[in-house]
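Small disclaimer: the values here were computed from a predicted structure and weren't measured.
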Amino acid sequence: VMDVHTGEVLAMASLPNFNPNAPGQGTPDQMFNRATLGVFELGSTFKPFTLAMAMDSGVVSGPAQIMNCQEVLPAYGHLVHDTHPFGRQCSIAEVMMESSNIGMAQIADKLGTERQKAWLRKMGFLNKADIELKEIGRPLTPGSRWGPFETMTIGFGQGIAVAPLQLAMGYATLFDGGIYHPPTILKVGPDHPLAPGRRVFSADTSYRMRSLLRLVVMRGTGKKADAPGYRIGGKTGTAQKIINGHYSQSINLTSFAGVFPMDDPRYVIVVMLDEPKATPETYGFTTAGWNVAPVVSRTVSRIAPMLGVAP
């Protein structure tokens with residue numbers, strides 16, 4: 001959980017946990033901080049960044065622009081698929097609401113590799129996070145293989161891996177009027193003044209993205225993340241885990257990156273589950289809308305009053 005305006009990390013948890021009262025007794029797995037040292041593919045939580053980059057670059061005009069969302073997209077010798085194909089023309093707002101890989105791949109293709117790299121560099125996604133902790137993971141990118149198809153897959157969240165902390169940083173930047181503030185675990189005040197911010201996205205793009213991510217929660221894949229009274233906006237992400245060098249068809253890493261209250265963004269919340277299991281309550285699904293989104297809803301309902309956010 002992060003303060004949008006200051007970059008302050010207000011809460012950070014990584015499971016399995018260890019007992020701090022029993023030093024030296026934790027296992028390596030318990031001592032590994034997945035929030036900062038682990039790097040993961042972001043899945044569809046990355047899509048808002050791609051759209052914001054495209055709007056700021058003038059590649060797309062905005063949420064109402066119409067594009068062709070066919071059943072399958074042939075691209076540079078590969079095929080891009082959607083979980084719920086449109087098979088028709090669709091608006092960019094629908095692409096975001098239904099989390100279309102095909103729509104977002106086309107937007108990333110228009111943006112191009114060099115512009116995508118430049119934006120990711122400005123957002124701090126190509127370097128280690130700058131925070132007062134030693135356990136910081138290095139992002140993974142395609143490197144020298146970063147061509148047009150990799151640009152498309154990165155556009156919908158595959159092929160680049162960053163720490164959950166960096167995902168929270170990205171959402172804080174996007175929804176603080178487009179201003180990046182470095183993350184900090186120290187309380188901002190007289191002894192630790194607010195670090196100067198730098199502009200990444202335009203204020204107009206930041207403002208227009210609010211309604212899109214609120215739409216995802218009201219009518220799209222993130223409906224179960226809504227917390228009555230707190231106007232959450234955000235994006236689900238379901239990434240296939242790489243097992244023995246190949247994407248698994250059954251084992252997922254699910255995440256939700258959200259902001260509340262969305263009409264006046266103040267806090268970012270990122271939740272990630274590693275290999276969630278299907279349950280009767282999720283009707284056999286292991287996707288983010290069924291397992292991470294409810295965690296976000298319950299967490300925000302509990303912590304918002306503590307943070308002084310009135311329903």
Side-chain angles (χ1 to χ4, degrees), residues 1-15 17 31-43 45-46 48-49 52-53 118-141 157 160-201 203 205-206 209-210 213 232-235 237 255-262 264-272 292 296 299-300 303-304 306-309:
V1 177
M2 178 180 277
D3 188 310
V4 166
H5 301 317
T6 64
E8 289 168 286
V9 176
L10 305 178
M12 180 189 291
S14 174
L15 300 176
N17 210 342
M31 302 293 282
F32 186 87
N33 186 350
R34 285 157 174 79
T36 60
L37 187 55
V39 295
F40 308 93
E41 289 196 345
L42 303 176
T45 56
F46 191 87
F49 303 136
M53 293 174 200
W119 280 106
L120 293 175
R121 195 170 289 112
K122 280 205 295 184
M123 294 171 64
F125 276 15
L126 300 186
N127 299 302
K128 288 183 172 184
D130 183 16
I131 193 170
E132 309 90 351
L133 293 171
K134 290 185 177 180
E135 44 190 12
I136 303 295
R138 182 174 296 283
L140 301 177
T141 70
I160 184 170
V162 302
L165 171 66
Q166 289 174 294
L167 177 58
M169 285 164 44
Y171 273 69
T173 299
L174 184 54
F175 292 102
D176 187 30
I179 303 293
Y180 169 88
H181 288 285
T184 178
I185 55 171
L186 302 177
K187 183 172 179 58
V188 170
D191 298 327
H192 183 57
L194 178 63
R198 56 178 171 83
R199 180 160 298 284
V200 176
F201 298 104
T205 291
S206 172
M209 290 299 296
R210 291 185 193 180
L213 266 68
I232 297 174
K235 189 75 190 70
S255 54
F256 186 94
V259 179
F260 67 98
M262 203 39 150
D264 185 16
R266 183 65 200 273
Y267 299 103
V268 167
I269 178 169
V270 169
V271 179
M272 185 174 279
V292 170
V296 171
T299 303
V300 171
I303 69 173
M306 301 178 193
L307 294 170
V309 180

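Between the side chain of Ser14 and the main chain of Asn33, no donor-acceptor pair closer than 3.5 Å is present. Tyr171 places a side-chain N or O within 3.5 Å of a backbone atom of Thr45 that can act as its donor or acceptor partner.
Nearest heavy-atom pair, Met2 versus Pro183, reported as atom, atom and distance to 0.1 Å: CE-CB, 3.8 Å. Scanning all heavy atoms of the two residues, the minimum distance from Val4 to Ala172 falls at CG1-O, 3.6 Å. Considering all non-hydrogen atoms of both residues, Leu194 and Val188 come closest at N-CG1, 3.6 Å. Nearest heavy atoms, Met123 versus Tyr180: O-CE1, 4.2 Å. Residues Pro182 and Pro196 approach most closely at CD-O, 4.4 Å, considering heavy atoms. Shortest non-hydrogen contact noted between Val39 and Ala163 is CG1-N, 3.8 Å.
Counting heavy atoms from C-beta outward, Leu120 and Phe46 have side chains that approach closer than 4.5 Å. Proximity of Leu37 to Phe32: side-chain heavy atoms (C-beta onward) are separated by under 4.5 Å at one or more points. Within the 4.5 Å cutoff, side-chain heavy atoms of Phe175 are placed close to those of Met262.
Arg266 contributes atom CZ, which lies 8.0 Å from atom CG of Leu307 (distance to the nearest 0.5 angstrom). Between atom CE of residue Met209 and atom OG1 of residue Thr205 there is a gap of 8.5 Å, rounded to the nearest 0.5 Å. To the nearest 0.5 angstrom, Tyr267 atom OH is 8.5 Å from His5 atom NE2. Between the NZ atom of Lys187 and the CD atom of Glu8 there is a distance of 5.5 Å, given to the nearest 0.5 Å. Of the inter-residue distances, the one linking Arg210 atom CZ with Asp264 atom CG reads 6.5 Å to the nearest 0.5 angstrom. In this structure, Met12 CE and Leu10 CG are separated by 10.5 Å, a value rounded to the nearest 0.5 Å.
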ask   = Can you list the steps and then say if Ile269 with Thr299 is a side chain to side chain contact (heavy atoms under 4.5 Å, CB included)?
value = CA-CA 9 Å; Ile269 178 169; Thr299 303; 3.8 Å; yes
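Remark: Arg199 CZ is packed, more than 12 non-hydrogen atoms of other residues, nucleotides or ligands lying under 6.0 Å away.
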Distance-only check: which donor-acceptor pairs under 3.5 Å involve side-chain atoms of residues 124-134, not counting sequence neighbours?
residue: Glu132; atom: OE1; partner: Thr184; partner atom: OG1; Å: 3.4
residue: Glu132; atom: OE1; partner: Ile185; partner atom: N; Å: 3.0
residue: Glu132; atom: OE2; partner: Thr184; partner atom: OG1; Å: 2.7

